[in-house]
Amino acid sequence: MPIHSARLLAPAFAAVAVASLLAAAPANAAVDGRSGDVVGHVYETTNAAAGNAVQVFDRLRDGRLRVGATVPTGGHGLGSSLASQDGLVRDGNLLFAVNGGDDTVSTLAITDRGLVRRDVAPSGGDLPVSVTVRHGIVYVLNQNSETISGLRVSSDGHLQPLPHSTKALSKSGATPTAAAQVSFTPDGRSLVVTHKGDQTIDTFAVRNGYAGTATPHHSAGVTPYGFDFDRRGDAIVSEAGPSAVSSYSVNGNRVRTISASVSDQQAAACWLVVTRDYAFTVNAASASISSYRISSDGRLHLIASVAATTSAGGSDAALSPDGKFLYVRLSNGSVASYAIHHDGTLTKQQDIAGAATAGTAGLAAN
């Protein structure tokens, strides 16, 4: 919000004028750099069928956002919902984006000159919806082919397929797995995949970058969807069916339920992130965010069924690296920002719109 005219006022009147202008700004207004220095960015994939792109938002010190550049991924989006989490992830100074429309994955480098596309490579299957990266190894979840497939990534973002790395998800009859997310465990010993379709969580033991055969585990609740890990390495998993969250200890291919399907009393808990000892679920059908406390033994305790509301149904979530701000992708393509307080409460800051988007397609921050 330009305030150059305020410079012409005497200092005492200038302070009042600026305060009045800021107070009058609508919640979705663009934010001027004077609100705080740029300390990072939030990235949102558009998922457009004509050409996927990453919308960049400048992230200011106070957590609010300002619209930046839009950078093509070099691939095609699906043009509709990916029904997944981690369709866009950050690893250091590289972003990894799935392109569901042409079965590719892109890398983009975060540089002082902005976001720069580095490479586009085949995902190794049909309909990539989620991606995970650790120590130069990338795995992509291909929903229609019900597989994961690996690639190597160089430090500058160039991709090469990992030979013979494609592994099938577990199957129980003819029910589609409708898999939602793939992620390395924090120790890198396993990959975890959630199946929305058949109430299953797969683990794959990983050795020298190669995933083994899928080991299936029965989900505590229906429609396991998005997940994250707490600081002890336990998996905290949302369940869209009952709108609930479960926690599991994961040790290689051994999975043990800690808390089973703790309801958030909302509708369609799909996307989930963890910061410190708190988990936040984004509830797609009730336009709300719920909060949980994670105890030292991994048990879950609902703090607030409605920790905050969203102006439209949520469609993904990401955290600032310091865990102080929560960003929620909305079904209308806007991004909402919330301050996270030490007690796990949330304060809404802003909604901001960038380029037009299509369905859930990924959100990341640095």
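Each residue takes its place number in the sequence, starting with 1. Basis for what follows: all heavy atoms, side chains included, without hydrogens, waters or symmetry-related copies.
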Donor-acceptor pair, [X] side chain versus [Y] backbone, under 3.5 Å?
X: Lys171; Y: Thr175; answer: yes
X: Ser290; Y: Ser305; answer: yes
X: Ser165; Y: Gly150; answer: yes
X: Ser286; Y: Ala267; answer: yes
X: Tyr210; Y: Pro163; answer: yes
X: Ser238; Y: Cys270; answer: yes
X: Arg90; Y: Ala365; answer: yes

Do [X] and [Y] meet the criterion of a side-chain donor-acceptor pair at a distance under 3.5 Å?
X: Asp264; Y: Ser243; answer: yes
X: Ser288; Y: Asn283; answer: yes
X: Arg256; Y: Asn251; answer: no
X: Asp234; Y: Ser249; answer: no
X: Thr45; Y: Asn47; answer: no
X: Asn142; Y: Asp126; answer: no
X: Gln181; Y: Ser130; answer: no
X: Asp86; Y: Thr132; answer: no
X: Ser123; Y: Asp103; answer: no
X: Thr347; Y: His341; answer: yes

At their closest point, which heavy atom of [X] faces which heavy atom of [Y], and how far apart are they?
X: Ala211; Y: Phe204; value: CB-CB, 4.0 Å
X: Leu330; Y: Ala312; value: CD2-O, 3.7 Å
X: Thr111; Y: Gly114; value: OG1-O, 2.6 Å
X: Val129; Y: Ser84; value: O-OG, 2.7 Å
X: Ser190; Y: Gly252; value: OG-O, 2.8 Å
X: Ala168; Y: Ala214; value: O-CB, 3.6 Å

Side chain to side chain donor-acceptor pair (under 3.5 Å) between Ser219 and Gln199, worked out: CA-CA 5 Å; Ser219 170; Gln199 200 169 322; 5.3 Å; no
Note: Asp277-Arg231 ion pair, threshold 4.0 Å (strictly below):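 Salt bridge present between Asp277 and Arg231.
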Other cluster members, Val71 - Ile/Leu/Val/Met/Phe/Trp/Tyr, side-chain contacts below 4.5 Å: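 Result for Val71 is Tyr43, Val54, Val56, Leu88, Leu95, Leu108, Ile110, Leu115.
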Working for side chain to side chain donor-acceptor pair (under 3.5 Å), residues Ser261 and Glu239: CA-CA 7 Å; Ser261 205; Glu239 296 159 357; 2.8 Å; yes
Value rounded to 0.5 Å, distance of [atom1] in [X] from [atom2] in [Y]:
X: Ser295; Y: Leu300; atom1: OG; atom2: CG; answer: 7.5 Å
X: Leu272; Y: Phe280; atom1: CG; atom2: CZ; answer: 10.0 Å
X: Ser170; Y: Asp198; atom1: OG; atom2: CG; answer: 6.0 Å
X: Asn366; Y: Arg59; atom1: CG; atom2: CZ; answer: 6.5 Å
X: Asp91; Y: Thr107; atom1: CG; atom2: OG1; answer: 11.5 Å
X: His195; Y: His217; atom1: NE2; atom2: NE2; answer: 10.0 Å

From CA spacing to verdict: side chain to side chain donor-acceptor pair (under 3.5 Å), Thr147, Ser149: CA-CA 7 Å; Thr147 59; Ser149 193; over 6 Å; no
Test item: [X] and [Y] side chains (from C-beta on) under 4.5 Å apart, heavy atoms:
X: Thr177; Y: Leu169; value: yes
X: Gln349; Y: Phe325; value: yes
X: Val120; Y: Val105; value: no
X: Arg152; Y: Leu159; value: no
X: Ile201; Y: Val192; value: yes
X: Ser247; Y: Arg299; value: no
X: Val131; Y: Tyr139; value: no
X: Tyr225; Y: Trp271; value: yes

Aromatic ring proximity, centroids under 6.0 angstrom, Phe227 and Phe229: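 Under 6.0 Å, so yes.
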Does one hydrophobic cluster hold both [X] and [Y], with members joined at side-chain heavy-atom distances below 4.5 Å?
X: Tyr278; Y: Val274; answer: no
X: Val282; Y: Val245; answer: no
X: Val89; Y: Leu151; answer: yes
X: Leu319; Y: Val237; answer: no
X: Leu302; Y: Val306; answer: no

Arg232 atom CZ: more than 12 heavy-atom contacts under 6.0 Å: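 Counting neighbours around CZ of Arg232, more than 12 heavy atoms of other residues, nucleotides or ligands fall under 6.0 Å, so yes.
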Full working for side chain to side chain contact (heavy atoms under 4.5 Å, CB included) between Val67 and Gln55: CA-CA 8 Å; Val67 177; Gln55 172 66 66; 3.7 Å; yes
Stepwise side chain to side chain donor-acceptor pair (under 3.5 Å) check, Asn99 with Thr73: CA-CA 8 Å; Asn99 301 304; Thr73 67; 2.9 Å; yes
Check against side chain to side chain contact (heavy atoms under 4.5 Å, CB included), Thr310 and Tyr338: CA-CA 10 Å; Thr310 55; Tyr338 301 82; 3.3 Å; yes
Pairwise salt bridge (charged side-chain N to carboxylate O under 4.0 Å, His left out) hits with a residue in residues 320-341, at least two apart: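 Output for this query lists Glu44-Arg329.
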Working for side chain to side chain contact (heavy atoms under 4.5 Å, CB included), residues Ile148 and Val140: CA-CA 5 Å; Ile148 59 171; Val140 183; over 6 Å; no
Full working for side chain to side chain contact (heavy atoms under 4.5 Å, CB included) between Val42 and Leu363: CA-CA 7 Å; Val42 169; Leu363 195 69; 3.9 Å; yes
